[in-house]
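Quick notes on the structure that follows.
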Amino acid sequence: MNKNTIPKQLITIYLVLFSLYSLATRFTLTACFMDGEINNILYRILLIAGCLLALWFLITLRKRLRTWDTGLLFLFLITLCIGIFLNRPYGLMDNIYGFFTFGFQLVLFYYLSWFLTEGEAKSILKRIVLLCSFLWDMACAGSLLQYLLGIHYVCKYASDHSAVRQGITDGRLFGLFSDPNFAAFTSLLLIYGLLYVLRNTRLRIIRIFCYGSLFVNGIYIVMSNSRTVLLSVVGSALFYVLFWSYKKGQNTYDRRLAMAGHLLRRGLCTLLGLVVVYCLILFPMQGLAWLISPERDTTAEMIREDVGTDNISNNRFAIWSAYLELYTEQPVFGFSLRSALPYAEKNNPSGYLAQTQYVTHNGYLSLLVETGIVGFVLMAVFLIALLVRAVQRSRRLEPVTDTFVLAAVWLVAILIFCLCFHDIFFTMNFETFLFWWGVGFLGRNSINK
């Protein structure tokens with residue numbers, strides 16, 4: 001047995017367990033079951049195991065880490081430590097947990113490309129996508145059944161008695177999930193993974209499963225009525241089509257104007273196709289629901305009252321303004337990972353943030369507030385430099401692999417989603433794994449052959 005076989009098997013097992021845990025927290029039934037001490041135990045197990053794997057990564061790679069990107073990440077980690085020290089009165093242990101949560105994910109997922117060949121990465125991704133899709137499909141199917149039957153109710157977590165809407169309510173399908181936005185976004189990420197599996201397998205049973213999963217997840221995305229996810233769908237789908245159109249047109253269109261016209265036509269056709277697909281899903285689902293329950297006003301069920309003309313951002317403008325004002329009080333190193341709200345509670349208890357307890361609802365604003373201008377600039381330089389390298393490679397005439405395209409599409413979708421939702425960096429979730437793996441794969445592109 002190759003000496004690297006066992007560590008790679010451990011990596012595979014950990015990635016699968018990490019993904020399943022992340023998705024389980026978004027499914028209300030499992031989230032309620034894990035609520036409280038069970039969740040704390042599972043979180044600590046994954047944290048400790050992740051830290052041990054990350055430490056093994058660092059020891060193994062110690063002679064190969066003298067690179068500019070590693071240097072920037074090291075400076076970013078130092079910035080986090082400074083922020084934790086400066087904000088020690090506002091939740092020291094929470095910030096330390098947050099630091100190790102971020103640190104192990106950064107090392108483990110970003111440096112995966114050092115350990116796995118593209119074939120190994122492809123095999124692991126296919127397993128994760130298929131397993132997660134199988135479980136997610138059942139939750140999506142149950143949610144769609146709730147819509148058709150007009151079921152809606154409220155669950156409460158035992159630990160804090162917080163209410164979680166379920167079924168079809170408030171103009172959107174929460175279904176069996178704790179949050180329709182993250183649920184629909186997970187469906188989108190899995191859809192791209194399923195398309196990747198379809199391009200890389202000929203097994204009929206897997207292909208049939210993939211087509212069924214695409215159908216169920218696509219319906220849930222539409223019925224979730226999440227504007228941010230729909231924006232991610234449009235942006236990532238446009239990127240996918242335009243990228244492949246550009247690569248295939250490189251050998252056909254030698255003039256920029258001709259290439260621009262080619263891309264414009266493909267882009268418009270993509271937008272039109274997305275509108276058609278949306279309508280083909282929404283209106284038949286509404287009609288089917290009306291046939292099952294003729295007394296229901298299915299059209300009104302999909303109208304969101306929380307985003308009228310007087311509050312089109314669903315409170316986000318007020319939230320962003322409040323956090324920007326808070327940021328000015330500690331602009332250099334920020335409020336550390338989990339100190340912003342405790343700081344607001346202590347220093348301005350009657351203020352908007354202290355009263356509402358809203359998070360930033362913007363990943364970029366979270367980065368600025370939590371790490372200050374120093375951390376924000378370091379991370380921006382790091383990400384931009386790596387993505388520029390990826391763009392340079394994609395513009396060359398050499399072919400790109402399906403794995404390269406999948407990583408790029410996932411990144412585009414995640415970066416768009418972060419415009420309206422927070423913390424892609426400092427939480428333990430599915431998109432964090434895909435984000436750091438994608439950045440590492442695209443930017444470095446030095447997978448062992």
Side-chain angles (χ1 to χ4, degrees), residues 10-36 38-51 53-54 97-98 100-110 112 121 124-140 143 157 164 175-194 213 217 220-221 224 226 229 232 337-338 359 363 366 406-407 410-411 413-415 417-418 421-440:
L10 291 176
I11 292 172
T12 302
I13 293 172
Y14 184 82
L15 294 179
V16 171
L17 293 177
F18 181 93
S19 300
L20 292 177
Y21 168 81
S22 302
L23 298 189
T25 60
R26 296 180 178 176
F27 179 37
T28 304
L29 181 62
T30 52
C32 286
F33 173 76
M34 298 189 312
D35 187 33
I38 295 178
N39 183 60
N40 292 333
I41 293 173
L42 293 174
Y43 171 83
R44 291 189 178 100
I45 290 174
L46 287 173
L47 176 62
I48 293 171
C51 287
L53 277 175
Y97 272 120
F100 281 104
T101 297
F102 168 76
F104 93 78
Q105 291 181 107
L106 170 66
V107 174
L108 188 60
F109 302 148
Y110 178 71
L112 270 178
I124 292 175
L125 288 174
K126 287 168 64 176
R127 293 177 192 177
I128 291 175
V129 168
L130 290 173
L131 181 57
C132 291
S133 295
F134 177 75
L135 299 175
W136 204 251
D137 289 351
M138 292 189 290
C140 285
S143 300
Y157 288 110
V164 181
L176 296 172
F177 303 106
S178 57
D179 187 307
N181 301 294
F182 284 101
F185 187 60
T186 300
S187 288
L188 175 61
L189 297 176
L190 289 175
I191 281 175
Y192 287 126
L194 290 164
S213 295
N217 283 281
Y220 181 78
I221 289 175
S224 71
S226 171
V229 175
S232 294
L337 308 183
R338 298 171 183 174
V359 292
S366 289
L406 176 66
W410 268 342
L411 272 182
I414 292 169
L415 291 174
F417 187 72
C418 281
F421 289 91
H422 71 290
D423 262 358
I424 187 62
F425 298 104
F426 307 124
T427 55
M428 191 183 291
N429 56 46
F430 189 54
E431 52 267 20
T432 303
F433 158 46
L434 300 183
F435 176 83
W436 284 115
W437 170 79
V439 170

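- Distance check: F430 CZ to I414 CD1 gives 9.0 Å after rounding to the nearest 0.5 Å.
- Smallest separation of non-hydrogen atoms from Y220 and C140: CB-SG, 4.1 Å.
- For residues 12-23, no pair satisfies salt bridge (charged side-chain N to carboxylate O under 4.0 Å, His left out), with sequence neighbours left out.
- Annotation: Y97, atom OH; neighbour count of heavy atoms from other residues, nucleotides and ligands within 6.0 Å does not exceed 12.
- Note that CG of L188 is 5.0 Å distant from CD1 of I221, once rounded to the nearest 0.5 Å.
- Every side-chain hydrogen bond (donor to acceptor under 3.5 Å, both in side chains) that T101 has, sequence neighbours left out, goes to Y43.
- Listed by chain and residue number, W437, F441, L442 satisfy the side chain to side chain contact (heavy atoms under 4.5 Å, CB included) test with A407 (two or more places apart in sequence, or in another chain).
- I41 pairs by the side chain to side chain contact (heavy atoms under 4.5 Å, CB included) definition with E37, I45, not counting sequence neighbours.
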### Task
For Y14 and L108, run side chain to side chain contact (heavy atoms under 4.5 Å, CB included): C-alpha distance rounded to whole Å, both residues' side-chain angles, the deciding distance at 0.1 Å, then the answer.
CA-CA 10 Å; Y14 184 82; L108 188 60; 3.5 Å; yes

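- No donor-acceptor pair under 3.5 Å is formed between the side chain of S178 and the backbone N or O of F27.
- Between the T30 side chain and the A24 main chain, a donor and an acceptor come within less than 3.5 Å of each other.
- Scored by the side-chain hydrogen bond (donor to acceptor under 3.5 Å, both in side chains) test, D179 finds N181 as partners (sequence neighbours excluded).
- Residue L106 holds its CG atom at 11.0 Å from CZ of F104, rounded to the nearest 0.5 Å.
- No side-chain donor-acceptor contact under 3.5 Å links W410 to the backbone of G438.
- If you check the side chains of N429 and Y21, you find no donor sitting under 3.5 Å from an acceptor.
- Every residue two or more places apart in sequence or in another chain that forms a side-chain hydrogen bond (donor to acceptor under 3.5 Å, both in side chains) with R26 is listed here: T186, E431.
- Considering only residues two or more places apart in sequence or on other chains, I13 meets the side chain to side chain contact (heavy atoms under 4.5 Å, CB included) condition with L17.
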Identify all side-chain donor-acceptor contacts of residues 124-138 below 3.5 Å with residues at least two apart in sequence or on another chain.
| unit_1 | atom_1 | unit_2 | atom_2 | d |
| --- | --- | --- | --- | --- |
| K126 | NZ | N200 | O | 3.1 |
| S133 | OG | V129 | O | 2.6 |
| W136 | NE1 | S187 | OG | 3.0 |
| D137 | OD1 | N217 | ND2 | 3.0 |
| D137 | OD2 | S213 | OG | 2.3 |

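- Annotation: the span from L411 atom CG to L406 atom CG amounts to 9.5 Å, rounded to 0.5 Å.
- Here the closest heavy-atom approach between residue Q105 and residue T427 is recorded as NE2-O, 3.1 Å.
- The residue from F433, F435, W436 that alone fulfils the ring-ring contact (aromatic ring centres under 6.0 Å, His included) condition with F109 is F433.
- Applying the ring pair (Phe, Tyr, Trp, His ring centres under 6.0 Å) criterion to F417, with sequence neighbours excluded, gives F182, F185, F421.
- By the side chain to side chain contact (heavy atoms under 4.5 Å, CB included) test, F100 is found to be paired with L47, C51, I96, residues two or more places apart in sequence or in another chain being considered.
- Legend: residues meeting ring pair (Phe, Tyr, Trp, His ring centres under 6.0 Å) with F102, ordered by chain and number and at least two apart, are F76, F426.
- Nearest approach of L176 to A139, heavy atoms of both residues: CD1-O, 3.8 Å.
- For S232, there are no side-chain hydrogen bond (donor to acceptor under 3.5 Å, both in side chains) partners two or more places apart in sequence or in a different chain.
- Between M428 and F18 there is a side-chain heavy-atom pair separated by less than 4.5 Å.
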